[in-house]
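Notes for the one structure printed next.
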Amino acid sequence: SRNSRTMPRRRERSSRDSIFRDTPTWSTVGMKTRKRPGWIESEEKRLRKVDKKEESESIQRKDLPFEEEEEGLKDFRQVFINPVITREEGDPWKFNEGCLSIPGIREDVSRKEKLHIEYRAASWNLKRETYDGIAARIIQHEYDHLEGILFVDRISPMRRRMIKNKLMDISKGIADVSYSMKFPVKR
């Protein structure tokens, strides 16, 4: 049995990894870069295209979360330039949130049910609008990112301590995701 504090967990190997199993990896950190053999680069590009195509097809096939529950979310795509939440109101309600920045972790987060927001639209016109329900929650979640807040900053200290090891693994780059992520550079 491995001690999780001394030995990092490795992610499961996929069929993609077997193509590059015997190929050395090339790092740009702390060493001179060398050009990778062309066939490796072309194979990686091909696989990335396949992954992106499969991912976009699966997103199109799947129903978007919450669209059945709230009709206004079906075509909800909005650009908020320099947003300012001017007021939040209503009773706080808990909802299980997750985030692409913190893969594999979901926690109940309490947020107010209604918000008033002022922002510039893509046309640069000043807008003032009110949102409630899931739309308000999505906007609050994304607005928190602009303020440097992640949803785990809004959970209880006890819950944060309980997921501390998972968060540390993610910060070390030990995360199995189907999208690209940037992790802190090891020094």
Side-chain angles (χ1 to χ4, degrees), residues 9 11 48 51-187:
R9 284 184 281 137
R11 68 178 180 81
R48 274 195 293 270
D51 283 349
K52 285 181 182 178
K53 183 179 177 188
E54 287 174 357
E55 187 175 320
S56 68
E57 286 173 356
S58 69
I59 288 170
Q60 290 170 359
R61 283 190 308 263
K62 290 180 186 175
D63 290 333
L64 295 174
F66 320 118
E67 76 176 12
E68 290 175 2
E69 297 162 16
E70 292 201 24
E71 190 172 312
L73 290 182
K74 185 169 178 113
D75 296 316
F76 183 70
R77 284 171 183 70
Q78 188 67 274
V79 174
F80 296 94
I81 300 171
N82 297 332
V84 176
I85 294 179
T86 56
R87 191 169 74 230
E88 293 176 326
E89 56 189 44
D91 295 328
W93 58 288
K94 287 190 175 193
F95 189 81
N96 195 261
E97 288 188 24
C99 183
L100 293 173
S101 301
I102 308 172
I105 295 179
R106 298 190 63 81
E107 291 292 329
D108 288 340
V109 177
S110 181
R111 297 186 189 272
K112 298 228 174 163
E113 63 185 331
K114 188 175 189 179
L115 69 85
H116 301 270
I117 188 167
E118 188 173 290
Y119 65 95
R120 297 235 175 237
S123 62
W124 285 99
N125 295 326
L126 183 63
K127 302 267 190 170
R128 290 181 183 91
E129 293 182 341
T130 302
Y131 293 93
D132 61 357
I134 298 292
R137 180 168 291 274
I138 292 167
I139 293 167
Q140 290 166 326
H141 176 103
E142 297 304 326
Y143 186 83
D144 278 354
H145 284 296
L146 297 175
E147 299 294 316
I149 299 169
L150 296 173
F151 79 94
V152 293
D153 297 325
R154 295 197 176 273
I155 62 176
S156 73
M158 183 186 76
R159 283 299 302 156
R160 220 175 6 261
R161 277 193 304 274
M162 291 173 73
I163 63 171
K164 182 181 178 185
N165 288 340
K166 289 181 183 178
L167 294 172
M168 290 300 293
D169 284 349
I170 293 167
S171 73
K172 293 175 185 173
I174 303 170
D176 187 23
V177 294
S178 62
Y179 48 90
S180 29
M181 288 187 73
K182 289 190 177 187
F183 297 97
V185 177
K186 295 177 185 175
R187 296 176 193 238

Which atom pair, heavy atoms only, marks the closest approach of Ala121 to Ile81?
-> O-CD1, 3.5 Å
Which salt bridge (charged side-chain N to carboxylate O under 4.0 Å, His left out) pairs, counting each pair once, include a residue from residues 138-158, with sequence neighbours left out?
-> Arg111-Asp144, Asp144-Arg154
Residues two or more places apart in sequence or in another chain: which of them pass ring-ring contact (aromatic ring centres under 6.0 Å, His included) with His145?
-> His141
Closest non-hydrogen atom pair, Pro103 against Ile170 = O-CD1, 3.4 Å
Can you tell me how far the CZ atom of Phe95 sits from the CD1 atom of Ile134, to the nearest 0.5 Å?
-> 4.0 Å
Could you give the distance from CD1 (Ile174) to NZ (Lys166), rounded to the nearest 0.5 Å?
-> 14.0 Å
Those residues that, when tested against Arg161, pass side chain to side chain donor-acceptor pair (under 3.5 Å) (two or more places apart) = none
List for me each residue that meets side-chain contact (heavy atoms from CB on, under 4.5 Å) alongside Leu100, sequence neighbours excluded, and say none if there are none.
-> Tyr179
Can you measure from CD1 (Ile102) to CD1 (Ile163) and round to the nearest 0.5 angstrom?
-> 7.0 Å
List in chain and number order the residues that pass ring-ring contact (aromatic ring centres under 6.0 Å, His included) with Tyr143, two or more places apart in sequence or in another chain; answer none if no residue qualifies.
-> none
By side-chain contact (heavy atoms from CB on, under 4.5 Å), Ser156 pairs with (sequence neighbours left out) Met158, Arg159
Contacts of Lys114 that satisfy salt bridge (Lys or Arg N to Asp or Glu O under 4.0 Å) - sequence neighbours left out = Glu89
Pairing residues for Glu88 by the side-chain contact (heavy atoms from CB on, under 4.5 Å) criterion, not counting sequence neighbours | Ile85, Lys112, Leu115, Gln140
Determine whether the side chains of Arg120 and Asn82 contain a donor N or O and an acceptor N or O closer than 3.5 Å.
-> no
Side chain to side chain donor-acceptor pair (under 3.5 Å) against Asn125, all qualifying residues, sequence neighbours excluded = Ser123
Closest non-hydrogen contact found for Asp91 with Glu113 is N-OE2, 3.3 Å
Counterpart residues, side chain to side chain donor-acceptor pair (under 3.5 Å), relative to Tyr119 (two or more places apart) = Glu129
Phe151 meets the ring-ring contact (aromatic ring centres under 6.0 Å, His included) criterion, sequence neighbours left out, with none
Residues that Glu118 engages under side chain to side chain donor-acceptor pair (under 3.5 Å), provided they are two or more places apart | Arg128
Find out whether Asp108 and Ile155 are in side-chain contact, i.e. whether some heavy atom of one side chain is under 4.5 Å from a heavy atom of the other.
-> no
Least distance between heavy atoms, Ser110 atom then Lys94 atom | CB-CG, 4.0 Å
Trace of the salt bridge (Lys or Arg N to Asp or Glu O under 4.0 Å) decision for Glu107 with Arg160 | CA-CA 10 Å; Glu107 291 292 329; Arg160 220 175 6 261; over 6 Å; no
State the NE2-OG1 distance between His116 and Thr130, to the nearest 0.5 angstrom.
-> 4.5 Å
